[in-house]
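The block underneath contains the structure these notes are about, expressed in structure tokens.
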Protein chains: 2
Amino acid sequence: MVTEREFLDGYDPRAYPAVAVTVDVVTLTIRDGVLHVLLVERGEQPHAGRLALPGGFVREETLDEAALRELAEETGILPRVHLEQLATFGDPGRDPRMRVMSVAYLAFAPRLPEPTVGGDAAAARWVPVAAATGLAFDHDTILAAGLERARAKIEYTPLATAFVGEEFTIAQLRGVYTAVWGEEPHAGNFHRKVLSVPGFIEDTGATTQRGGERGGPRSKLFRAGDARILHPALLRPSAEERR
Amino acid sequence: MVTEREFLDGYDPRAYPAVAVTVDVVTLTIRDGVLHVLLVERGEQPHAGRLALPGGFVREETLDEAALRELAEETGILPRVHLEQLATFGDPGRDPRMRVMSVAYLAFAPRLPEPTVGGDAAAARWVPVAAATGLAFDHDTILAAGLERARAKIEYTPLATAFVGEEFTIAQLRGVYTAVWGEEPHAGNFHRKVLSVPGFIEDTGATTQRGGERGGPRSKLFRAGDARILHPALLRPSAEERR
DNA sequence: AGAGATTAACTCGAACTGAGAAGAACTGTA
DNA sequence: TACAGTTCTTCTCAGTTCGAGTTAATCTCT
């Protein structure tokens, strides 16, 4: 916010050229055990042909609404997505045409159908995060910020459940951590831990109809609990190396 | 960011009226063991006479530079401040005059002199956070977000050292946690913990010249270490209650 | 039927935690 | 000066949590 004094003192259309505000969304999902991000292909200059994060102008709406709207326009219906503000990127020169402030959002989605090629995007598709480099503008930086946020956030919040369906097995949940962290937690300890953290997951009483693709018994099905933070947290194995 | 297609499709000066971008800074410090926030008094409408967070327009500079500049204008020189982006608040109607996007920043400062009554602000002063209510615009919300960020961040980063001087005692550091969390950690366990976390604090070899005001031996002096995260983390006592 | 894989549960020692206690050092006051 | 009270620092101890490994049971595929 701004005080009126500052507003009046500072207001000079030439000194403060028009500023555009957009939202860009880092949408993450897991497909076949690999973390993917939703990208659109740019059809025009600048950066024609390059991949970019989906996004667009903020209209007469809240920022959260703008992010949700952009996401819906790119991917169709979005059930059970978690959406949170990530950070704002507004350095001069990040867009060659004018000063553009981008409010970046981070979305966690369960496996979704291929994005509908409607909306504003010329083409939208899921790209493995390892292959998502050389993006337009400063979107490499925004994506990196989103990935780090995701990696940190599943440690102490139950957001990993936003990547799986309504009902899931502990192995599927472990697969989320493996995909996001890039390393696999110890299966036995992971099992013990998620069951012991209050409110993380609830037993539905049901089991899967079949065992795993490569064998093993049927596993119990769980649903997300009502905890909003995980205590104690599930720390990354690599946290040890930070010492 | 925005793709050019979206830019061209969406551009309509009447549909997207001018947007102003400001930075507002939640500056926290500890004075006499109490957490304070830096506020300015508004001299003009709207919200004349009410307190608000210091802030102002973003010029031809990065957002970080804008936050640092505003802070410097309000408080004079700022040695050893930690500054980080907090969140962006841009709901329609949060400013009655026009659409204003506020990129909020969070600053941790060691005890500073009274702010210089220069800069843009009519009057600037440190206010205990408990008394900082009824602020102008949505600044109550921004302050609350800053406080929660601060409480969480000193758990797993060494940022508490940003509130104290170059050299400090463990008791002073404990005072930071007490002021920010609103509850006092167990002195003995706190002592053991901060010494055992690698890179948190380093022994200078020196001690204070005097004991505490109310007695007690001289205490060792420490300086901040080079760790960027604390592992294991220093968790809030009240974290237990979240179960 | 058999090989291989997986779930789920258990064991073990190491590390960490909260709570309390105790000794030494120092202050201000009687 | 002596004393009461406060504080820094270290230590103890039991309970909890952790990483790593093991095991039994179950299931799929060949």
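Note on naming: letters A, B, ... go to the chains in the order of the sequence lines (proteins, then strands), and numbering restarts at 1 for each one.
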Any donor-acceptor pair under 3.5 Å from A:Arg218 side chain to A:Gln209 backbone
yes
Scan residues 164-181 of chain B against DNA chain C and write down, sorted by residue number, each residue with any heavy atom closer than 4.0 Å; if none is found, say none.
none
Rounded to whole angstrom units, what separation is found between the CZ atom of A:Arg236 and the C1' atom of D:dG19?
18 Å
Out of D:dC18, D:dT12, D:dC8, minimum distance to the side chain of A:Lys193 belongs to D:dC18
Side-chain donor/acceptor of B:His231 to backbone N/O of B:Ile229, under 3.5 Å
no
Among the candidates D:dT10, D:dC13, D:dG19, find the nucleotide nearest to the side-chain atoms of B:Arg192.
D:dC13
For atom CD1 of A:Ile201 and atom C1' of C:dT7, their distance in whole Å:
13 Å
Check: B:Asp91 main-chain N/O paired with A:Thr62 side-chain donor or acceptor under 3.5 Å:
no
CD of A:Glu155 versus P of D:dC18: gap in Å, rounded?
12 Å
Are B:Phe168 and B:Phe222, when compared by the centres of their aromatic rings, separated by less than 6.0 Å?
no
By ring-ring contact (aromatic ring centres under 6.0 Å, His included), A:Phe163 pairs with (sequence neighbours left out) A:Phe108
From CZ of A:Phe190 across to C1' of D:dC18 the rounded distance in Å is 15 Å
Main-chain N/O of B:Ala67 paired with B:Glu70 side-chain donor or acceptor, under 3.5 Å
no
A:Glu184 CD to C:dT7 C1': how many Å, rounded?
13 Å
To the nearest angstrom, the CG-C1' distance between A:Leu230 and D:dC18 comes to 17 Å
Under 4.0 Å from OP1 or OP2 of C:dA9: is there any side-chain N or O of A:His191 that close?
yes
Looking only at the side chain of B:Ser219 (C-beta and beyond, no hydrogens), which of the listed nucleotides D:dC8, D:dT10, C:dA9 gets closest?
D:dC8
Letter per nucleotide, 5' to 3', of nucleotides 21-30 of chain D [B base touched, S only sugar-phosphate touched, - untouched; heavy atoms, 4.0 Å]:
B----BBSS-
Length of the line joining B:Leu234:CG and C:dT17:C1', which is rounded to integer Å:
12 Å
N-O pairing of A:Glu184 and A:Arg174 below 4.0 Å:
yes
Please check if the side chain of A:Asp140 supplies one atom and the backbone of A:Gly134 the other of a donor-acceptor pair under 3.5 Å.
yes
Classify the ring geometry of B:Tyr177 against B:Trp181: parallel below 30°, tilted from 30° to 60°, perpendicular beyond 60°.
perpendicular
Let me know the distance between NZ of B:Lys220 and C1' of D:dT7, rounded to the nearest Å.
15 Å
